Amino acid sequence: MKNTTPVKITDLTLRDGHQSLAATRMRTSDMLPVLEQMDDVGFYALECWGGATFDSCLRFLNEDPWERLRTIRQHVKKTKLMMLLRGQNILGYSHYADDVVREFVFRSVANGIDIIRIFDALNDVRNLETAMKATKEAGAHAQGTFVYTISPYHKDSDFVKLAKDLVSMGADSICIKDMSGLISPYAAYDLVTALKEAVTVPIEIHSHCTSGMASMSILKAIEAGVDIVDTCLAPFAMSSSHTCTESLVDTLTGRERDPHIDVNKLYPISEHFKKARTRIEKEFNLNTNLGIDPQVLSFQIPGGMLSNLRKQLVEQGMADKYEALLKEMPNVRADLGYPPLVTPSSQIVGSMATLNVMFGRYKMIPREVKDIVRGKYGRTPGPISEELKAKILVKGEQPIDHRPADDIAPQMELMKKALADKGYPNASVEDVLSYALFPEVALSFFKNNR
Ligand code: CO
């Protein structure tokens, strides 16, 4: 049945917008003057927390991320607040124990979050289980998310299966997360059509403009009946960020799926963020004019990372190996079972390919690659090459086939005790969680602020 309901819009300016264009350096004070106005627009949700914002608050801005969340909640009373969570990795880069994941989810909801968007870099749904369950128990909306990528193991039918698995785990909605902007307009149309036929929960699409296609893809997704789309206000839109909120509202106004948002309410908010962007550029000496990078479609590795790898080769006097590196990257990805290339798998594949062209194939293997082969990140989409397994696994060793976090003992009490030993015996649960995720930066933040 054709979806003719108004498109709902989630605005990401307060999280992904500045994470994509301004190194996650927006301060709470940059947000405060317009929060009530943003609350008045009629957005479905505001994404304002999680992702890299938590780390950035503590590390660069001398801000308590929990305090930021409470402040936003105080000023945004009608609109849902959304956060991004990396499943069992929470907001960090490795797997945490279930008790840390649960406590983090409960405290996020208690401090003001309504919707938790939960994903895993490998799309191993077992890595979402604990976070999804805790979200439901806390009474919040669990958005089951899969990462979009292109490979022989990522057909529409594979994504539909993921979506069904997530719904059976209790997902209240499904998000297509296309962090590198790989989904083409027609692929978006087909995938949304397939998902709408397979599941009844709302579908949201999140696509970055990195390759230049996202605005077209979003429009085709809307034609195919997607329920919710992700956008950013003009000063934090486009390039490696998202489709512009104002342009999309103008595109849809008066049409079948009119979102019923008054674009005139958006202009003054954007005026404010334009000034905020200039302020951030100045304070942190940043260039926010990043442009687009259609090459990401051939290599699936964002251009910024390619230029870093090239620099590494030049520094080693191996500039002539660059072409070989571009050829090697897809080979390594295939050997590792075609992981979607997002943090951390993009870095792991990139550095493995670089080592291969520098020293010969798999002569030097970093620990992270060994851990993928040993199953410690979870199930890879395709099989891992036998050659690579033979090189890494010792005789008789089998990769683990259970959920990686099953091997991690509870950590909350240990963290609480460790923090007490550092001189904070009465730390709040929130502070213990900050410490569990980012021990060094949290400690130096506490030293300055507690
Ligand atoms: Co994003």
Side-chain angles (χ1 to χ4, degrees), residues 8-26 43-56 81-87 89-93 113 115-123 128 143-150 159 173-184 187-188 191 203-218 221 226 228-245 248 273 288 290-293 296-297 300-305 339-347:
K8 296 186 171 103
I9 297 182
T10 297
D11 187 275
L12 317 175
T13 309
L14 303 175
R15 202 285 296 177
D16 211 351
H18 66 109
Q19 182 171 328
S20 296
L21 297 186
T24 331
R25 297 295 202 277
M26 191 186 285
F43 288 126
Y44 169 68
L46 295 174
E47 189 199 37
C48 64
W49 212 61
T53 62
F54 194 95
D55 186 7
S56 178
L81 297 182
M82 182 170 80
M83 72 169 291
L84 178 67
L85 190 92
R86 288 195 270 266
N89 294 352
I90 310 181
L91 305 174
Y93 305 99
I113 288 293
I115 304 171
I116 307 190
R117 171 175 289 174
I118 308 164
F119 78 102
D120 173 65
L122 293 181
N123 285 333
L128 276 66
Q143 182 167 71
T145 300
F146 62 79
V147 169
Y148 182 81
T149 189
I150 298 167
F159 293 124
S173 62
I174 294 293
C175 176
I176 307 167
K177 181 174 164 64
D178 175 27
M179 72 282 300
S180 304
L182 300 175
I183 201 164
S184 75
L191 179 55
I203 310 290
E204 181 155 359
I205 187 164
H206 176 94
S207 180
H208 285 255
C209 299
T210 322
S211 75
M213 295 196 301
S215 300
M216 296 182 273
S217 304
I218 296 258
V226 84
I228 314 160
V229 299
D230 287 4
T231 62
C232 284
L233 289 162
F236 286 95
M238 312 308 279
S239 334
S240 51
S241 182
H242 295 267
T243 296
C244 171
T245 310
L248 188 75
F273 280 122
T288 60
L290 303 172
I292 58 165
D293 178 20
V296 74
L297 296 172
Q300 292 206 22
I301 296 233
M305 195 178 157
L341 296 180
V342 303
T343 306
S345 52
S346 48
Q347 285 86 344

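Note that this is a predicted model, so its numbers are computed, not measured. Numbers here simply count residues along the sequence, with the first being 1. Ligands are counted one by one from 1 in listed order, and the atoms in each one are counted from 1 as well.
- Rounding to the nearest 0.5 angstrom, the gap separating the CG atom in D11 from the CZ atom in F43 is 4.0 Å.
- Between the Co ion (ligand 1) and H242 there is no N/O/S contact shorter than 2.8 Å.
- No other N/O/S atom of H206 lies as close to the Co ion (ligand 1) as NE2 does.
- At a cut-off of 3.5 Å, with distance as the only test, no side-chain donor of T231 or T243 sits close to an acceptor on the other residue.
- Distance check for D16 against the Co ion (ligand 1): an N/O/S atom falls below 2.8 Å.
- S20 approaches L290 most closely through the heavy-atom pair O-CD1, 3.7 Å.
- Salt-bridge annotation for D230 and R117: present, with a side-chain N of the basic residue lying under 4.0 Å from a carboxylate O of the acidic one.
- H208 contributes NE2 as its N, O or S atom closest to the Co ion (ligand 1).
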